[in-house]
Asker: 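For reference, the structure I am asking about is given below.
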Number of protein chains: 2
Amino acid sequence: MDHLKFHTDKLRASGLRPTKQRLAISKILFNRKETFHFTIDQLKKIAEKNIKKKISVATLYNTVHAFEKKGYLKEISLKGNKTFFDTNTRSHHHFYDEETSQLTDIKNENISISNLPKAPNGKKIRDIEVTIKVASNNQKQKNLV
Amino acid sequence: MDHLKFHTDKLRASGLRPTKQRLAISKILFNRKETFHFTIDQLKKIAEKNIKKKISVATLYNTVHAFEKKGYLKEISLKGNKTFFDTNTRSHHHFYDEETSQLTDIKNENISISNLPKAPNGKKIRDIEVTIKVASNNQKQKNLV
DNA sequence: ATGCAGTTTATAATGATTCTAAACTATAAG
DNA sequence: CTTATAGTTTAGAATCATTATAAACTGCAT
């Protein structure tokens, strides 16, 4: 039973009981080498296929938000109505294909940002998020000055 | 009647009849030197105060989407459930204060981005959007590498 | 085995946005 | 200036994502 102990321990260490649902979700999200980007309904489909049972949306929201609060997931800023989550919780950037809603990670060290203006009033910079929108080659490109 | 002709002409030139509602919205959005960032309900409050009458949300959505389609507005990528619009339709960046939902424009030329990785597969870069999250000085900062 | 706090669940509630089809209005033509 | 009509606005219903509720269920300590 693949790495069950890892997920059980991780949950327990976070003060979350290792229930069937949380274990299934934990495996889906964290048994990966690659970053995983998802919406709640995508996760729901995968989870229900894995455990071969219905899983309530409330449970998915509860669990995802619990993981987010524990720092295992973060929310991505995108336009549109659905919330996207990311298993990569480090500060990093994305390619975003609006045609397919496909996200690809870009490590912070693979983009250089310089000449930042200073933050407004008494505010401090907490994070920088770069989203590079991509599309098929036949699309118009914006003027990037 | 301030610049009425300007707004009337702009609407007609876009194939939109200059109705009372559209003129009110057009004035609110485009009679400004500074960029304006807003949500539908913020715009609704301002518009209703200006014309001293109720205005239907359907009309606001219709009009804002028509303006967006004509290239007079663009949608901003942010997390959260509400859609933000921006009267600055050029490619540019933002400071974003998550505490107050306050957005501040940053011109493209005021941020230097270099060393971009190349876009995935057969895709081409269409736009780059940098969001710099700011907060009060007492908040924790993420590791920006 | 038992009890109970923590979980899950179906369902209702909420909030943003979109749809609908009836009433209204800008405007072109007479 | 009237009239006809296509384009608009509107209230309210419908939809979609998300959150709240409170009853049933389940890990786990005893």
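Chain letters run A, B, ... following the sequence lines, proteins first and then strands; every chain starts at 1.
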Asker: Closest to the Arg12(B) side chain: dT17(C), dT27(C), dT18(D)?
Answerer: dT27(C)

Asker: Connecting only ILVMFWY residues whose side-chain heavy atoms lie within less than 4.5 Å of each other, what is the rest of Ile76(A)'s hydrophobic cluster?
Answerer: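 Joined to Ile76(A), directly or through intermediates: Leu78(A), Phe84(A), Tyr96(A), Leu103(A).
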
Asker: Determine, stepwise, if the pair Phe30(A) / Phe6(A) fulfils ring pair (Phe, Tyr, Trp, His ring centres under 6.0 Å).
Answerer: CA-CA 10 Å; Phe30(A) 307 120; Phe6(A) 170 76; 8.0 Å; no

Asker: Counting side-chain heavy atoms from CB outward, which of dT7(C), dT18(D), dT9(C) is closest to Ile55(A)?
Answerer: dT9(C)

Asker: When you measure from the side chain of Arg17(B), which nucleotide among dT10(D), dA6(D), dT18(C) comes out closest?
Answerer: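 So the nucleotide nearest the side chain must be dA6(D).
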
Asker: Any idea which heavy atoms bring Ile111(B) and Pro117(A) closest together, and the distance?
Answerer: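 For Ile111(B) versus Pro117(A), the nearest heavy atoms are CG1-CD, 4.0 Å.
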
Asker: Using a cut-off of less than 4.0 Å, is there contact between a side-chain N or O of Lys20(B) and OP1 or OP2 of dA26(C)?
Answerer: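 Indeed, a polar side-chain atom of Lys20(B) lies that close.
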
Asker: How would you label the contact of Thr39(A) with the nucleic acid (heavy atoms, under 4.0 Å): base, sugar-phosphate, or nothing?
Answerer: nothing

Asker: How many whole angstroms separate atom CZ of Phe85(B) from atom C1' of dT17(C)?
Answerer: 10 Å

Asker: Mapping Lys82(B) and Leu16(A) to their closest nucleotides on DNA chain C, which lands nearer the 5' end?
Answerer: Leu16(A)

Asker: Have a look at Gly15(B) and say if it touches a base, only the backbone sugar-phosphate, or nothing, with a 4.0 Å heavy-atom cut-off.
Answerer: sugar-phosphate

Asker: Can you tell me which nucleotide in dT18(D), dT8(D), dA10(C) comes closest to the side chain of Ser56(A)?
Answerer: dA10(C)

Asker: Nearest of dT18(C), dT10(D), dA17(D) to any side-chain atom of His65(B)?
Answerer: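 Nearest listed nucleotide: dT18(C).
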
Asker: Taking the nucleotide of DNA chain C with the closest heavy atom to each, which residue, Thr19(B) or Val57(B), is nearer the 5' end?
Answerer: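 That would be Val57(B).
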
Asker: Please assess Arg32(A) against Thr87(A) for the test side chain to side chain contact (heavy atoms under 4.5 Å, CB included), listing each intermediate value before the final yes or no.
Answerer: CA-CA 9 Å; Arg32(A) 314 187 167 247; Thr87(A) 56; 5.5 Å; no

Asker: Nearest to the side chain of Thr59(B), heavy atoms from C-beta on, is which of dT7(C), dA26(C), dT10(D)?
Answerer: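 Between dT7(C), dA26(C), dT10(D), the one nearest the side chain of Thr59(B) would be dT10(D).
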
Asker: Side-chain N or O of Arg22(A) less than 4.0 angstrom from OP1 or OP2 on dT8(C)?
Answerer: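 For dT8(C), OP1/OP2 do have a side-chain N/O of Arg22(A) under 4.0 Å.
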
Asker: Distance check: side-chain N/O of Gln21(A) vs OP1/OP2 of dT26(D), anything under 4.0 Å?
Answerer: no

Asker: Nearest whole Å is fine: how far is dA17(D) P from Leu43(A) CG?
Answerer: 15 Å

Asker: Looking only at non-hydrogen atoms, find the nearest pair between His92(B) and Arg90(B) and report the distance.
Answerer: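 Here His92(B) and Arg90(B) meet closest at ND1-O, 2.7 Å.
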
Asker: Quick one: Phe38(B) CZ to dA16(C) P, roughly how many Å, whole number?
Answerer: 16 Å

Asker: Nearest-nucleotide wise, let me know which of Asn62(B) and Asn81(B) is further upstream toward the 5' end of DNA chain D.
Answerer: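 So the residue in question is Asn62(B).
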
Asker: Could you state the atom-to-atom distance from CG of Leu11(B) to C1' of dT9(D) in whole Å?
Answerer: 15 Å

Asker: Report the distance from atom CD of Glu68(B) to atom C1' of dT18(C), rounded to the nearest whole Å.
Answerer: 14 Å

Asker: Report yes if at least one side-chain N or O of Tyr61(B) is closer than 4.0 Å to OP1 or OP2 of dT18(C); otherwise report no.
Answerer: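 False: Tyr61(B) side-chain N/O out of range (4.0 Å or more) of dT18(C) OP1/OP2.
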
Asker: Rounded to the Å, how far apart are Leu78(B) CG and dA16(C) P?
Answerer: 15 Å

Asker: Can you confirm whether the side chains of Asp105(A) and His37(A) place a donor and an acceptor under 3.5 Å from each other?
Answerer: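 Present: a donor and an acceptor within the cut-off.
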
Asker: Using whole Å, report how far CD1 of Ile40(A) lies from P of dT19(D).
Answerer: 9 Å

Asker: Does dT17(C) have OP1 or OP2 sitting under 4.0 Å from an N or O in the side chain of Thr83(B)?
Answerer: yes

Asker: Find the distance Leu60(B):CG to dT10(D):P and express it as a whole number of Å.
Answerer: 8 Å

